[in-house]
Each structure stands twice: as C-alpha cells, then as structure tokens.
Amino acid sequence: MAPVPPGIRFLTSFNRDQWYRAFTFGLTFLLYTSFHLSRKPISIVKSELHKNCSHVMEAPTESSSSQQPVLHPELDCSWKPFDRNNYKQLLGAMDYSFLCAYAIGMYLSGIIGERLPIRLYLTVGMLTSGLFTCLFGLGYIYDIHSLGFYIFVQVANGLVQTTGWPSVVTCIGNWFGKGRRGLIMGLWNSHTSVGNILGSLIAGYYVSSNWGLSFIVPGVIIAAMGVICFLFLIEIASTQKLLLGQESIGVCVPVQQVVVVKSEAEPSAISFMGALRIPGVVEFSLCLLFAKLVSYTFLFWLPLYITKTAHLDAKKAGDLSTLFDVGGIVGGILAGVLSDKLGKRATTCAVMLLLAAPTVCHFADQIQEACAFKGMLLVCGGLVNGPYALITTAVSADLGTHKSLKGNARALSTVTAIIDGTGSVGAAVGPLLAGLLSARGWDQVFYMLMTADFLALLVIQKKFNKKRPSIKKKCLTWLRGLNKGLL
C-alpha cells in the first residue's frame with residue numbers, strides 16, 4: 001500500500017472545527033480587506049483632482065495666423081470644482097463627509113447588527129458599498145463636476161460601510177476565544193493595511209490615465225466579495241452549534257449540509273447604555289478617538305504630502321505611502337503578541353503611543369533623505385497603527401465578552417461599534433483639520449498629530465492606573481498585613 005503523502009497527513013491532522021475556524025479567519029480577512037481597498041483611492045486621486053496642466057502650450061505652427069502659443073484643451077487637467085485655490089479645504093470636506101457619516105452610522109450599525117443575521121447584513125452593506133464607490137468613479141466617466149454629487153456619494157458610502165466592522169469582529173470573536181487573542185487578531189487585523197496597500201496600487205495604476213477606474217475597479221471588487229460573503233460566511237455565536245449531516249443527491253454524490261441550531265435560551269442583545277457601563281469601554285473608546293485621528297490623517301493625506309514636498313507624481317507617491325501600511329501590519333502583530341505575553345492591553349497601547357509622538361515629530365525632517373524617509377514610514381506606521389489595531393480587535397473582543405456580561409455574547413457587536421464609532425469621530429476630525437492646517441504649512445499638521453498622540457496616552461493612563469494601585473494604597477495594605485501579624 002502506497003504511503004500517504006506528508007502534505008495530506010498535515011491536512012488531515014486538523015479536525016472539522018479547526019478547518020471552519022481557519023476558513024472564517026481567511027474569509028473575514030478578505031471581506032474587510034475589500035472595505036479598506038475601496039476607501040483608499042480618494043487619497044491617491046486627490047493630487048490628480050486639482051492638478052493644473054494649463055501651462056502646457058504648443059508652439060505656433062507656420063500656418064498659424066497668431067503668434068501666441070496654442071493651448072491644447074485635452075492637456076487642461078484641472079477638475080472643477082477642485083481647481084480652486086482652496087482645493088485642500090474642498091478635499092478635506094469630502095473626507096469629512098465620509099468619515100462623519102461613518103462615525104454616526106457606526107453607533108447605529110452595532111445595535112442593528114446584533115438583531116439581524118450577520119451574513120445578510122454584511123452582504124447588503126458590501127453590495128451597496130460597491131455601488132457608491134463605483135458612482136464616484138462614474139462621475140469622471142460622465143463628466144460630473146458637481147461638488148454636491150461627490151459629497152452625497154461620500155455620505156452614502158460612509159453610512160453603508162459601517163456594516164463591515166461590527167459584523168466581521170463579531171464573527172471572528174465568536175470563533176476564537178481569549179487564548180492568544182492578541183496574536184490571532186493582530187495577524188487578522190493586517191487586512192486594514194493590506195487593503196490600503198492594494199487600494200493604493202490599483203488606484204495608482206489608473207490615476208494618471210483615467211482616475212474614474214481608480215474607484216470603479218475597487219467598487220466591483222467589494223461587490224463581488226459581498227456575493228462571496230452571502231454564499232460562504234458561517235454565522236455562529238457561542239450559544240449556537242453546528243450540526244453536520246450527510247445527504248445524497250443525484251447520482252449518490254455525498255455532500256455536507258451545515259445547519260445552524262440556536263439555543264432555546266437565547267440571551268437578549270445588550271442596550272447602548274448597558275454597553276457603556278462595561279468597565280473599560282469609555283476609556284478605550286476615547287483613546288481610539290485620538291489614535292484613529294492620527295492613523296486616518298496619514299491614510300487620507302500622506303500621498304498628497306509626499307507629492308507636494310518630495311515633488312513626486314501621484315503614482316510614485318501612492319506607491320511610497322504603502323510603506324506606512326507595511327509598518328502598520330508589523331505594528332499590529334507586535335502589539336498583539338506583546339499584549340498576550342504581558343497580559344496587559346492598556347500597557348502595550350501606552351508604550352506604543354509614547355514612542356509614536358516623537359516619531360511623528362521627526363517624520364517631516366526626513367522627507368529629503370530617501371532611505372531615511374522610507375525607514376521613518378515603516379517605524380511610524382507600526383507605532384501609529386499598533387494601538388489602533390489592538391483596541392479595535394483584541395480589546396473590543398475582550399470587552400464584548402467581559403465577565404460582567406455573565407456569558408451574554410450578544411454584546412460584542414454593540415461594544416465594537418461604540419469603540420470604533422467613537423474612534424471614527426477622531427477619524428473624521430483629523431483629515432478635516434489636516435485640510436485646514438496644511439494651508440498654513442505642513443508643520444501645523446504634524447503638531448496636531450503629536451498632540452493627539454499625547455491625548456490618547458493621557459486617556460489610556462486612567463485605565464492603566466486602575467490596574468496599578470497607588471503607593472499610598474500599597475503602604476496601607478502592607479501596614480494592615482503587618483498589624484495582623486503582630487496581633
């Protein structure tokens with residue numbers, strides 16, 4: 001009898017439950033990668049929206065009656081209404097419209113998501129996200145120059161994209177317990193940076209020739225992933241179990257059928273105020289507000305900053321900005337591993353925030369040195385995105401399954417939405433302030449980012465101090481013990 005190949009032995013060493021876990025991990029990773037892939041193009045296209053090529057002239061020909069240079073209409077690259085002097089404010093308003101709608105919608109999305117089938121809820125959200133992302137690109141195809149149209153599309157897209165995060169975190173949180181959660185979710189959360197990188201590369205490929213396709217292609221991708229979500233996502237909670245049976249169809253070809261059976265004692269979904277009363281939700285929500293402000297300011301403005309200060313075209317600036325996201329992948333994984341080893345999520349966040357502030361301070365000084373600037377992009381991406389990734393994944397899952405809930409796992413989506421929704425307020429404010437402050441100089445933007453990092457550290461310090469008794473309290477405890485020993 002022929003021996004079983006080692007690869008097959010390896011595959012069969014995993015039981016069915018482990019395969020479902022791995023499948024859910026990979027599927028939810030790809031689903032949320034497509035969300036971020038569809039958000040990134042606006043930052044790449046910014047430098048093209050206001051680009052003005054009207055100085056490109058053609059010398060008069062001999063047959064020309066005029067001695068003045070002739071302007072080629074097709075070379076006029078300006079795109080109304082972003083060809084004005086205040087284009088940064090207009091672009092900032094577009095960022096703000098998306099992120100503000102996202103922040104408001106996130107609070108509602110978690111509550112709705114707890115009460116609807118996650119698979120269907122996420123599918124509808126992804127299909128509509130694809131629609132509105134494509135609509136933005138179709139504005140170029142059909143020559144739409146109305147600012148109101150693009151703001152409407154951004155607001156609608158911001159609202160429907162809130163279906164993503166609470167849904168995927170609930171799925172991954174239900175499949176994976178607290179053991180090594182920091183490492184697992186640190187690896188899983190790299191979908192944010194992977195999506196940003198892919199979005200930058202796709203948008204950069206089309207930005208100079210037809211920037212409408214920079215939106216249409218990602219829009220088609222996220223819609224296609226929505227169909228895959230509908231077909232394959234297994235929606236399971238801790239109070240459910242999978243019954244796997246064998247059935248035969250046609251010519252006796254065995255197939256497996258997955259039946260989800262709910263427990264009779266299904267716990268009720270937690271209220272908004274009940275979620276706020278969970279210890280740590282408020283502190284980590286406020287910390288994420290400032291941390292996400294920094295992260296999303298880089299997300300939306302870094303390519304334009306590189307274009308203006310390093311004098312690179314939109315494609316090269318977009319490609320270079322992906323190093324920030326590569327650093328974010330490493331930072332998210334490192335934060336998860338450290339928090340698992342130390343058993344202290346707040347301490348890990350505090351250390352990384354403390355290191356991030358001076359890194360952001362020296363970020364702009366390295367723009368003229370290519371190698372140093374690339375290294376700074378990697379380091380800054382890791383320190384900025386590390387706490388952000390840890391709070392939105394492992395911390396949210398920990399708090400959503402907190403012991404005070406007494407086993408009610410239906411709080412996970414609501415807790416996740418509150419934390420990420422509060423963070424999204426910062427994500428909305430950051431790019432808007434960047435658009436206003438950059439008019440006075442990019443130094444003002446980096447001062448704002450440093451301040452936000454210090455405020456995030458200040459907020460998390462409250463949670464950090466709760467876990468460490470004060471010196472006074474330690475002394476009183478020691479004196480009580482000494483008194484008992486003497487007596």
Side-chain angles (χ1 to χ4, degrees), residues 32 35-36 39 95-96 98-111 113 158-159 161-170 173 185-186 188-189 191-193 195-196 272 275-276 278 280-301 325 328 331-332 335-336 339 345-346 348-350 352-353 356 381 383-400 412-434 448-449 451-460 462-463:
Y32 209 73
F35 273 98
H36 263 265
R39 296 175 194 173
D95 295 340
Y96 182 74
F98 172 88
L99 294 168
C100 187
Y102 185 87
I104 295 172
M106 184 60 74
Y107 289 110
L108 300 174
S109 182
I111 298 173
L159 289 173
Q161 288 225 353
T162 60
T163 59
W165 189 245
S167 300
V168 295
V169 171
T170 299
M185 288 201 159
W188 177 76
N189 192 66
H191 54 54
T192 299
S193 297
N196 291 339
F272 184 86
L276 283 178
I278 298 174
V281 168
V282 174
E283 291 89 348
F284 279 110
S285 296
L286 293 176
C287 179
L288 185 62
L289 186 150
F290 297 110
K292 204 168 181 179
L293 182 152
V294 179
S295 180
Y296 267 63
T297 300
F298 275 104
L299 173 68
F300 280 89
W301 285 94
D325 296 301
S339 66
R345 313 283 193 208
T348 305
C349 290
M352 297 189 82
L353 288 168
L383 294 175
V384 167
N385 285 335
Y388 161 41
L390 185 63
I391 294 173
T392 55
T393 54
V395 170
S396 296
D398 288 347
L399 295 176
L412 184 54
S413 181
T414 302
V415 169
T416 301
I418 289 174
I419 293 176
D420 197 54
T422 305
S424 298
V425 174
V429 173
L432 177 66
L433 291 178
M448 174 196 72
L449 299 179
T451 303
D453 271 328
F454 280 122
L455 289 174
L457 179 61
L458 183 65
V459 171
I460 203 67
K462 182 179 179 182
K463 179 66 179 174

Angle class for the Tyr102/Phe98 ring planes (parallel below 30°, perpendicular above 60°, tilted otherwise)? parallel

Verify, without hydrogens or angle tests, whether [X] (side chain) and [Y] (backbone) share a donor-acceptor contact under 3.5 angstrom.
{"X": "Thr162", "Y": "Ser109", "result": "no"}
{"X": "Ser339", "Y": "Arg345", "result": "no"}
{"X": "Tyr107", "Y": "Thr422", "result": "yes"}

Are [X] and [Y] close enough that some pair of their side-chain heavy atoms sits under 4.5 Å apart?
{"X": "Thr393", "Y": "Trp165", "value": "yes"}
{"X": "Trp188", "Y": "Val169", "value": "yes"}
{"X": "Leu353", "Y": "Cys287", "value": "yes"}

Of all the heavy-atom pairs spanning [X] and [Y], show the shortest one and how long it is.
{"X": "Ala335", "Y": "Thr348", "result": "O-CG2, 3.6 Å"}
{"X": "Met352", "Y": "Pro387", "result": "CB-CG, 3.7 Å"}
{"X": "Asn189", "Y": "Ala389", "result": "ND2-CB, 2.8 Å"}
{"X": "Ile460", "Y": "Leu457", "result": "CG2-O, 3.2 Å"}
{"X": "Thr163", "Y": "Ser167", "result": "O-OG, 2.7 Å"}
{"X": "Cys100", "Y": "Ala428", "result": "N-CB, 3.6 Å"}

Any chance you could measure [X], atom [atom1], to [Y], atom [atom2], to the nearest 0.5 Å?
{"X": "Ile419", "Y": "Met106", "atom1": "CD1", "atom2": "CE", "answer": "11.5 Å"}
{"X": "Ile104", "Y": "Ser424", "atom1": "CD1", "atom2": "OG", "answer": "11.0 Å"}
{"X": "Cys349", "Y": "Leu390", "atom1": "SG", "atom2": "CG", "answer": "4.5 Å"}
{"X": "Leu383", "Y": "Asp453", "atom1": "CG", "atom2": "CG", "answer": "9.0 Å"}
{"X": "Phe290", "Y": "Leu458", "atom1": "CZ", "atom2": "CG", "answer": "8.5 Å"}
{"X": "Arg39", "Y": "Leu99", "atom1": "CZ", "atom2": "CG", "answer": "8.5 Å"}

Side chain to side chain contact (heavy atoms under 4.5 Å, CB included), that's the test. Do Thr297 and Leu449 meet it? Break it down for me. CA-CA 8 Å; Thr297 300; Leu449 299 179; 3.8 Å; yes

Is there a donor-acceptor contact under 3.5 Å linking the side chains of Thr392 and Asp420?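 There is no such pair (donor and acceptor under 3.5 Å, judged by atom type) between the side chains of Thr392 and Asp420.
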
Are there over 12 heavy-atom neighbours, none belonging to Phe35, within less than 6.0 Å of that residue's CZ? yes

Show, in sequence, the C-alpha distance, side-chain angles and deciding distance for Leu293 and Met448, and conclude whether the side chain to side chain contact (heavy atoms under 4.5 Å, CB included) test is met. CA-CA 10 Å; Leu293 182 152; Met448 174 196 72; 4.2 Å; yes

